Amino acid sequence: MPKLKIDGQDVEVAAGSTVLQACEQAGIEIPRFCYHERLSVAGNCRMCLVEMEKSPKPIASCAMPAADGMVIRTDTETVRKARKGVMEFLLINHPLDCPICDQGGECDLQDQAMVFGGDHSRHHEHKRAVSDKHMGPLIKTIMTRCIHCTRCVRFVTEVAGVPEMGLLGRGESAEITTYLEKALASELSGNVIDLCPVGALTSRPYAFHARSWELRKTESIDVLDGVGSNIRVDCRANEVMRVLPRLNEDVNEEWISDKSRYACDGLKRQRLDRPYVRGADGKLAPASWDEALGAVAKRLKGVDGSRIAAIAGDQCDAESMLALKLLMQDLGSPNMDCRQDGAPLDGAGARAGYVFNSGFSGIDEADALLIVGSNPRLEAPVVNARIRRRWLAGNFPVGLVGTPAELTYGVEHLGAGSQTLKQIADGKHPFAKVLKAARRPMLILGMGALARPDGAAVLALARRIADDNGIAGPEWNGFNVLHTAAARVGGIDLGFVPGKEGRDVAGILDGAGKGEIEAVYLLAADEIDMDRLGKAFVIYQGHHGDAGAHRADVILPGAAYTEKSGTWVNTEGRAQRGQRAAFPPGEAKEDWAILRALSGTLGKALPFDSLDALRARLAAAGPAFAALDTRVVNAWGEFGSDGKSLDDAPFASPIGNFYMTCPTSRASQTMAECAAVFVQGVKEATGTHG
């Protein structure tokens with residue numbers, strides 16, 4: 001390990017570190033624009049200059065490897081003069097439009113010019129102007145502000161895996177652009193806005209809407225996929241203005257998907273802000289809370305529990321699911337399910353059978369990967385970026401069983417469906433030898449393979465592959481289920497699945513169609529076939545006027561994920577807590593409070609009167625809920641059964657349109673624009689309209 005002397009201080013750093021990293025370790029701030037910890041070294045901006053003993057001129061600390069015996073000085077007159085000179089050059093062509101720039105107040109160039117720059121410029125030439133570039137509906141470009149740090153280019157090439165941006169031209173003619181002047185087609189494109197140290201790339205939907213110092217910032221959790229990305233929700237008054245990523249090395253590092261970032265405008269459209277009751281004329285009419293709860297109590301009075309059912313949606317928090325489960329038990333109903341897609345995963349077997357056991361960080365340690373029935377690029381873009389990073393490191397064969405997908409790394413397409421999977425399980429497929437030869441093989445099982453009639457048989461087959469090829473063992477468990485729903489693991493952990501002789505989602509829909517189920521409680525459940533509910537009395541508790549609200553007989557307006565404090569368990573099995581950033585609109589209330597009030601009206605008062613009391617019961621429901629922000633290690637036990645015979649149909653990802661997968665994203669104007677550009681545009685270009 002190299003030992004350096006930095007400003008008279010002895011510092012020992014890990015081999016391979018740069019001088020800049022050594023200075024940071026010593027607690028010395030080094031200004032930079034082009035350098036970023038997660039991107040390759042470019043050495044473009046020269047802002048990080050320091051003096052090195054025996055060097056005739058200052059060195060770029062970001063690109064200089066730390067070596068034993070180096071003597072570094074970071075605050076000499078030479079260094080200060082060099083940094084002022086660099087800043088003077090950077091500002092030659094930079095426009096003086098800070099008052100109208102959306103980066104104002106959060107701009108690295110502003111901050112570093114104040115601390116490390118001079119108080120005047122010696123250049124009086126006309127400033128260069130650069131035409132703005134088209135990068136799609138999400139990114140606004142003002143390229144005259146660009147300082148050519150190339151962070152955006154390196155991100156889309158190295159992390160996002162979509163090499164569509166570059167630096168064209170030389171000298172004064174150099175410009176950052178997309179090569180073909182088209183929208184940047186990546187599910188992670190919005191992260192270039194955070195990376196840009198100036199105002200060249202800003203958020204198009206957020207442009208001119210607010211200033212950073214006007215916003216109230218709240219740390220929370222994203223629920224638009226199963227990753228559980230850590231986010232910051234910025235609000236002005238009671239309106240969510242933007243969503244930004246928070247650093248969590250184990251979950252999302254510092255990236256989030258475009259849907260997580262931009263779908264927030266759907267939170268103010270098509271909202272349910274007051275209760276509704278369907279009248280004798282068949283139309284929904286506004287009602288008071290007492291009238292709505294009374295209508296539910298009147299309809300459920302005298303109904304046998306076996307004729308009542310409940311379905312929880314994909315974004316429900318654990319507190320509301322626990323409250324609904326307790327209410328259903330008090331009503332004597334075993335008919336409840338949190339698996340809208342019908343995936344055969346429940347808490348009867350080992351927890352290792354339905355979580356991402358290795359954790360997302362385990363991808364970095366794997367040396368072979370088999371993807372079954374999943375398209376990580378659409379289902380979990382942040383996880384897909386980790387897979388790409390591991391693939392770029394080399395010696396990482398990736399096999400795919402399912403419909404071919406355009407991923408951002410090299411993939412060997414092994415086959416389309418269960419027959420290929422059976423060949424791997426039997427050891428007859430060449431990729432079985434690859435898995436067996438690997439020290440830490442990994443399997444990612446997606447909902448495209450599980451959410452089918454033969455899902456139980458596919459799960460058993462995947463279990464056999466894991467047992468026979470060293471995927472799951474005492475020191476390494478690479479058996480991973482990739483969920484697409486934020487509520488799924490938490491619901492299974494809570495036992496929000498059919499009880500003894502209870503019905504699952506398919507059974508509830510069949511029973512409702514036949515008249516055997518009289519009442520169905522939909523807790524923000526919108527992804528089922530509402531036409532199959534027949535003449536059942538439907539209570540819908542949710543936050544958007546989506547499919548469930550259109551079918552409902554009584555609507556109880558709830559809170560969206562930014563409007564309540566709730567607990568969600570991501571696909572790793574990691575329980576995380578989101579905080580309320582805004583209040584629900586109108587008369588809408590938090591979900592657990594609605595269920596508590598309804599239980600009192602029904603004469604089945606639930607045993608808690610506060611969120612803290614409910615969370616005390618939640619902590620006792622499973623080890624994950626008692627250990628927030630911790631990934632619980634699960635024992636490898638029994639799960640999976642052969643079930644029905646295998647179906648030859650290909651494994652297809654459940655997500656066709658990445659930008660519209662839930663009520664919030666379907667209500668988002670920004671997501672609608674993205675779907676028109678990226679989804680419909682691809683279909684028209686390829687001639688596919690399915």
Side-chain angles (χ1 to χ4, degrees), residues 269-313 316 320 323-324 327-328 330-333 335-337 340 503 505 507-560 584-591 593-606 663 666-667:
R269 295 184 173 88
Q270 299 179 17
R271 291 301 303 271
L272 300 173
D273 59 358
R274 63 184 304 175
Y276 288 85
V277 175
R278 195 174 296 277
D281 59 357
K283 296 181 179 179
L284 287 168
S288 68
W289 272 106
D290 288 341
E291 290 170 341
L293 297 178
V296 175
K298 180 180 179 181
R299 182 62 181 82
L300 295 184
K301 185 177 181 180
V303 178
D304 187 83
S306 63
R307 301 177 71 83
I308 302 173
I311 301 174
C316 295
S320 62
L324 182 55
L327 180 58
M328 288 296 111
D330 288 347
L331 293 172
S333 172
N335 308 313
M336 64 183 86
D337 205 349
Q340 290 189 92
R503 297 173 183 258
V505 167
I508 292 170
L509 296 178
D510 288 341
K514 296 175 182 176
E516 297 168 358
I517 296 292
E518 291 187 34
V520 180
Y521 200 110
L522 300 179
L523 182 61
D526 293 276
E527 313 306 322
I528 60 174
D529 185 355
M530 300 296 170
D531 294 335
R532 295 180 61 191
L533 289 172
K535 297 182 179 180
F537 181 77
V538 177
I539 307 110
Y540 178 78
Q541 178 180 329
H543 43 82
H544 274 82
D546 208 73
H550 286 288
R551 173 58 185 83
D553 295 293
V554 175
I555 295 176
L556 307 176
E587 299 176 31
K589 301 182 184 299
E590 293 190 31
D591 293 304
I594 295 173
L595 289 159
R596 174 62 182 85
L598 177 59
S599 70
T601 306
L602 291 169
K604 306 280 187 182
L606 293 172
R666 286 192 286 267

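Model, not experiment: these values are computed from the prediction.
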*Just how far is it from atom CG of Leu602 to atom CG of Leu327, taken to the nearest 0.5 Å?*
6.0 Å

*Kindly compute the distance separating CD1 (Ile517) from OG (Ser333), expressed to the nearest 0.5 Å.*
7.0 Å

*Would a 4.5 Å heavy-atom cut-off, applied to side chains only, mark Leu272 and His543 as touching?*
no

*asked:* Could you measure the distance from the CG atom of Leu523 to the CD1 atom of Ile311? Nearest 0.5 Å is fine.
replied: 10.5 Å

*asked:* I need the Leu284 CG to Arg551 CZ distance, nearest 0.5 Å.
replied: 10.5 Å

*If every non-hydrogen atom of Ala525 is compared with every non-hydrogen atom of Ala312, which pair is closest and at what distance?*
CB-C, 4.2 Å

*Would you say Leu522 and Ile528 make side-chain contact, with heavy atoms under 4.5 Å?*
yes

_So Asp290 and Thr601, do their side chains get closer than 4.5 Å, heavy atoms only?_
no

*Is there a side-chain contact between Val520 and Ile508 (heavy atoms, below 4.5 Å)?*
yes

*If we ignore angles and hydrogens, is there a donor and acceptor under 3.5 Å between the side chains of Asp546 and Gln270?*
no

*Do Pro663 and Glu527 touch side chain to side chain, with heavy atoms closer than 4.5 Å?*
yes

*Test log, rule side-chain contact (heavy atoms from CB on, under 4.5 Å), inputs Trp289 and Glu291*: CA-CA 5 Å; Trp289 272 106; Glu291 290 170 341; over 6 Å; no

*With side chains defined as the heavy atoms from C-beta onward, is the minimum distance between Tyr521 and Gln541 less than 4.5 Å?*
yes

*Between CD of Glu518 and NZ of Lys535, what distance do you get to the nearest 0.5 Å?*
13.0 Å

*Where do Ala605 and Arg596 come nearest, in terms of heavy atoms and distance?*
CB-NH1, 3.9 Å

*Verify, without hydrogens or angle tests, whether Asn335 (side chain) and Ile308 (backbone) share a donor-acceptor contact under 3.5 angstrom.*
yes

For residues 295-305, run the donor-acceptor check on the side chains, cut-off 3.5 Å, and write out each pair with its distance to 0.1 Å, sequence neighbours left out.
residue, atom, partner, partner atom, Å
Asp304, OD2, Ser306, N, 2.9
Asp304, OD2, Ser306, OG, 2.5

_Atom pair CE (Met530) and NE2 (His550), whose distance is rounded to the nearest 0.5 Å_ = 10.0 Å

*May I have the step-by-step check of side-chain contact (heavy atoms from CB on, under 4.5 Å) for Arg278 and Lys283, ending in yes or no?*
CA-CA 5 Å; Arg278 195 174 296 277; Lys283 296 181 179 179; 5.7 Å; no

Using atom types as modelled, flag every donor-acceptor pair under 3.5 Å from a side chain in residues 552-560 to any protein atom, sequence neighbours excluded.
residue, atom, partner, partner atom, Å
Asp553, OD2, Val538, N, 2.9

*Polar side-chain atom of Arg307 near backbone of Gly515 as donor-acceptor pair, under 3.5 Å*: yes

_Is the shortest side-chain heavy-atom distance between Leu324 and Met328 below 4.5 Å?_
yes

